Amino acid sequence: ATTKTSIGNFDFENCFMNAAGVYCYDRNELEQLINSQAGTFVTKTATLQPRPGNPEPRYHDTALGSINSMGLPNLGFDYYLDYLLELQKTHPHRTFFFSLVGMSTEDTHALLKKVQESDFKGITELNLSCPNVPGKPQIAYDLETTEKLLADIFSYFKKPLGVKLPPYFDIVHFDQAATVFNKFPLTFINCINSIGNGLVIEDESVVIKPKNGFGGIGGEYIKPTALANVHAFYQRLNPSIKIIGTGGVLTGQDAFEHILCGASMVQIGTTLHKEGPVAFERITNELKDIMDKKGYKTIEDFRGKLKYL
Ligand SMILES: CC(C)(C)CCc1c(C(=O)O)[nH]c(=O)[nH]c1=O
């Protein structure tokens, strides 16, 4: 069996990659991803200027997953663009993902205009968990603002673009969000980002310093929500908009389920943080074993073919 895949006009030797934020902070980490079994990588979400991020401890592993409130620590847009342009020379046949977020709408447009004007030939992932104006929820939970933002972006941005989405929990929100996304030539949507504002306690204390311990939840806790978001959008979106499945992938079976729900690429976050890049080899082999046992040669043999009762 082969676990190769394609997104838009891009082919990947393997359908696994890191989730933005994990193992992708600098050249050292990104090089380890290039040299792993991962089919590609996405950079740490970059902002216009470098950011130190929140006070530590800001990430904590638990038996069933992780909690984080990193606060977008990153080396800044130019650092990642320079490295991506260098990789276009040293690895001309590979396609990589550039994750971006604006701390304001103006910043978002400034970032994307810089990408549009650059020689970057890969895929851009816009993090829609970006902050909104104070008093309003994150952009992806404000669908009017999301639609306006995407309409403005697609008036000038002509390169491959996808959006990283937080989980939705209401069927009506799936309907409303899909209606918005179907209006735009998105290359993909990525479901899901961490489940926002969870709380992990050990003994009598929170485990991370920022936000009185509130943070995004990843890992085993979130697979049912991740699978539901992948499948809900798979059922609703134009087939031209591919789906990246992220959340709760510990094993080949978890990845198999994401693909059954409709995912064309599977991202790994918490498991990669705990196990390191060798996780890609283990999970790829586990998925290939499942496919061999079931007689599936490629992921297209079962992608989206979740059975109902
Ligand atoms: C939550 C934001 C800080 C606005 C975006 C960055 C981000 C972070 C982070 O940098 O805290 N952590 C996540 O699990 N997902 C994210 O999208």
Side-chain angles (χ1 to χ4, degrees), residues 17-26 29 41-62 64-77 79-80 97-108 111-112 124-142 145-146 149 162-168 188-200 206-223 225-226 229 244-249 267-274:
M17 63 186 287
N18 67 301
V22 181
Y23 234 95
C24 54
Y25 179 76
D26 59 17
E29 291 187 336
F41 69 62
V42 58
T43 64
K44 168 64 189 173
T45 300
T47 48
L48 264 187
Q49 300 306 326
R51 286 171 55 91
N54 288 333
E56 297 181 329
R58 58 196 185 182
Y59 182 102
H60 186 88
D61 281 320
T62 70
L64 294 177
S66 65
I67 184 168
N68 89 85
S69 200
M70 309 299 285
L72 266 170
N74 74 96
L75 295 170
F77 175 85
Y79 176 92
Y80 301 103
F97 287 69
F98 192 3
S99 176
L100 300 174
V101 75
M103 295 315 285
S104 66
T105 303
E106 294 69 33
D107 274 12
T108 297
L111 283 162
L112 289 171
T124 299
E125 179 177 276
L126 178 62
N127 186 337
L128 283 187
S129 285
C130 32
N132 204 338
V133 296
K136 291 185 81 175
Q138 60 175 292
I139 299 287
Y141 286 160
D142 173 353
T145 302
T146 295
L149 177 64
V163 289
K164 176 72 173 288
L165 300 172
Y168 297 96
F188 70 91
I189 66 165
N190 181 349
C191 299
I192 58 174
N193 204 325
S194 51
I195 295 182
N197 295 304
L199 190 58
V200 168
V206 302
V207 296
I208 55 173
K209 188 178 178 88
K211 296 176 62 176
N212 288 333
F214 283 59
I217 303 296
E220 222 166 312
Y221 300 112
I222 76 170
K223 188 175 75 172
T225 296
N229 276 259
I244 296 182
T246 307
V249 178
Q267 291 189 347
I268 302 177
T270 298
T271 300
L272 173 60
H273 190 273
K274 290 182 175 181

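Counting starts at 1 for both ligands and their atoms, following the listed order. The figures that follow rest on heavy atoms only: side chains count, while hydrogens, waters and symmetry mates do not. Quick caveat, the model's predicted, so the values are computed rather than measured.
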Do side-chain atoms of Tyr59 reach the backbone of Met70 as a donor and acceptor pair under 3.5 angstrom? no
Given Ser129, Cys130, Pro73, which one has a non-hydrogen atom that is nearest to atom 2 (C) of ligand 1? Ser129
Asn54 and Ser69 have their tightest heavy-atom pair at ND2-O, 2.8 Å
For a quick test of reading the model, state the closest non-hydrogen atom pair linking Asn127 to Val101 and the distance between them. O-CG2, 3.4 Å
Check ligand 1 against [X] and write out every atom of the ligand that is under 4.0 Å from a heavy-atom position of the residue.
{"X": "Lys44", "answer": "10 (O)"}
{"X": "Asn68", "answer": "8 (C), 9 (C), 11 (O), 12 (N), 13 (C), 14 (O)"}
{"X": "Ser69", "answer": "11 (O)"}
{"X": "Met70", "answer": "9 (C), 10 (O), 11 (O)"}
{"X": "Ser194", "answer": "13 (C), 14 (O), 15 (N)"}
{"X": "Gly71", "answer": "9 (C), 10 (O), 11 (O)"}

Nearest-neighbour protein heavy atom for [atom], which is reported as residue plus atom name and distance:
{"atom": "atom 7 (C) of ligand 1", "result": "Asn127 ND2, 4.4 Å"}
{"atom": "atom 15 (N) of ligand 1", "result": "Asn193 OD1, 2.8 Å"}
{"atom": "atom 10 (O) of ligand 1", "result": "Leu72 N, 2.8 Å"}

Within a 6.0 Å radius of atom CZ on Phe214, are there more than 12 heavy atoms belonging to other residues, nucleotides or ligands? no
Check whether any side-chain heavy atom of Leu128 lies under 4.5 Å from a side-chain heavy atom of Leu149, and answer yes or no. yes
What distance separates Phe77 CZ from Leu100 CG, expressed to the nearest 0.5 Å? 6.0 Å
Separation between CG (Asn190) and CZ (Phe97), nearest 0.5 Å, reads 8.5 Å
